[in-house]
Amino acid sequence: MRHLLDDLHAPHAALLRAALALASPPGARLAVDIGCGPGLKAGWLAERLAPGGLLVGVDIDRAALAEAARLRPGAWVVGDARDLPMADRCAGLGWCVAALDLFGSPDLALSEARRVLGPGGTLVVASAAQLWARPRPWPAGLVAAWAERAPPPPADGLGDHLAESLLAAGFAGVYLRAYLLDPPGRGLAGAALPLAGWDWLAARLDGLLAPADLAACAAAEAEAEPEPLAVLLVAAGSVA
Ligand SMILES: C[S@@+](CC[C@H](N)C(=O)[O-])C[C@H]1O[C@@H](n2cnc3c(N)ncnc32)[C@H](O)[C@@H]1O
């Protein structure tokens with residue numbers, strides 16, 4: 001089965017890479033890519049390692065691991081995400097990209113990820129899907145005012161199922177962002193902004209918008225209607 005995230009190599013690769021980096025603290029001595037496939041994202045994960053750190057990729061598919069080993073250095077290990085072949089508390093950072101919903105039991109896989117991450121470790125999960133969402137047609141003034149800021153969180157409970165799964169697996173400090181995949185090329189803030197709510201944004205604008213733009217934003221919030229859209233969810237949780 002072709003996964004929607006396969007299509008992110010192009011033209012959405014830059015967005016995915018930036019969104020994963022933003023959610024991932026640097027400096028892990030051991031990072032694990034769970035469901036790494038042929039290691040196409042593992043090179044990005046390696047950039048978050050401390051100097052001399054070790055990259056481990058785990059996948060159930062031997063052929064994909066052989067391809068990963070051909071492409072880059074790392075420890076490429078055959079294993080099931082529901083029973084990771086790794087010691088307790090050995091890793092500082094874990095990624096699970098376009099894979100969690102393929103594991104048969106995502107909750108078991110999250111518990112396993114929690115088990116292998118040490119104190120202060122972080123798990124980052126990325127998933128893309130068609131989701132019902134309410135894109136806000138924000139005025140240009142808001143888009144410009146937010147362009148250099150960090151991406152805001154989504155409104156309307158979008159992605160809450162993923163955040164709740166991380167909490168249920170014992171992760172703390174759960175972080176969630178949602179990005180519209182189309183049109184591509186907007187950058188993190190531009191792709192997240194249409195999915196954010198006006199109340200959240202208005203409380204953080206620090207008087208940046210003219211009164212006409214404020215009125216247009218309130219109207220955009222009221223006008224937004226649900227529609228099925230390609231959305232990238234990136235959630236992260238840490239081990240206390
Ligand atoms: C869509 S691919 C994503 C690969 C990679 N993370 C990426 O983004 O390019 C999903 C991967 O999950 C792996 N997978 C599926 N079930 C698994 C399981 N139970 N344990 C480990 N890996 C599994 C598949 O073999 C496949 O390589």
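Atoms considered below: every heavy atom in the structure, side chains included; atoms not considered: hydrogens, waters and symmetry mates. Note that ligands are numbered from 1 as they come in the structure, with each ligand's atoms numbered from 1 the same way. It should be emphasised that the depicted structure is a prediction, and the values quoted were computed from it without experimental measurement.
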field: Carboxylate-amine/guanidinium contact D33 R72, below 4.0 Å
entry: no
- prompt: Any N or O on A81 sitting closer than 3.5 Å to an N or O of ligand 1?
  reply: yes
message: Geometry only, no angles: is V97 polar-contacting ligand 1 at N/O separations under 3.5 Å?
response: yes
- request: Apply side chain to side chain contact (heavy atoms under 4.5 Å, CB included) to the pair D59 and W76, showing each step before the final yes or no.
  value: CA-CA 8 Å; D59 202 285; W76 304 102; over 6 Å; no
- prompt: Do any heavy atoms of A64 fall under 4.0 Å from ligand 1?
  reply: no
- prompt: Should the proximity of P38 to ligand 1, defined as any heavy atom under 4.0 Å, be assigned to the side chain, the backbone, both, or neither?
  reply: neither
field: G79 neighbourhood, listing ligand 1 atoms whose heavy-atom distance to it stays under 4.0 Å
entry: 20 (N), 21 (C)
- prompt: What atoms in ligand 1 come closer than 4.0 Å to a heavy atom of G35?
  reply: 3 (C), 4 (C), 5 (C), 6 (N), 11 (C), 12 (O), 22 (N)
- request: State the atoms of ligand 1, each with its element, that fall below the 4.0 Å cut-off from a heavy-atom position in G37.
  value: 4 (C), 27 (O)
message: Tell me whether D33 has any N or O atom under 3.5 angstrom from an N or O of ligand 1.
response: no
message: Using a 3.5 Å cut-off on N or O atoms only, is D61 in polar contact with ligand 1?
response: no
- line: Heavy-atom closest pair (A155 atom, G197 atom, distance to 0.1 Å) is CB-N, 3.5 Å
- prompt: Which heavy-atom pair separates Y179 from P151 by the least distance, and what is that distance?
  reply: OH-CG, 3.6 Å
task: Only heavy atoms count here, so choose which of L40, L16, D59 is nearest to atom 13 (C) of ligand 1.
output: D59
field: Where P38 and E67 come nearest, the two heavy atoms and their spacing
entry: CB-CG, 3.6 Å
message: Assess whether a salt bridge exists between E223 and R134, defined as any Lys/Arg side-chain N lying under 4.0 Å from an Asp/Glu carboxylate O.
response: no
For L166 against G237, the heavy-atom pair lying closest together: CD1-N, 4.2 Å
- request: Before accepting this row, confirm whether a basic side-chain N of the pair R115/D83 lies closer than 4.0 Å to the acidic partner's carboxylate O.
  value: no
query: Under 4.0 Å from any heavy atom of A98, which atoms of ligand 1 are there?
result: 1 (C), 2 (S), 3 (C), 10 (C)
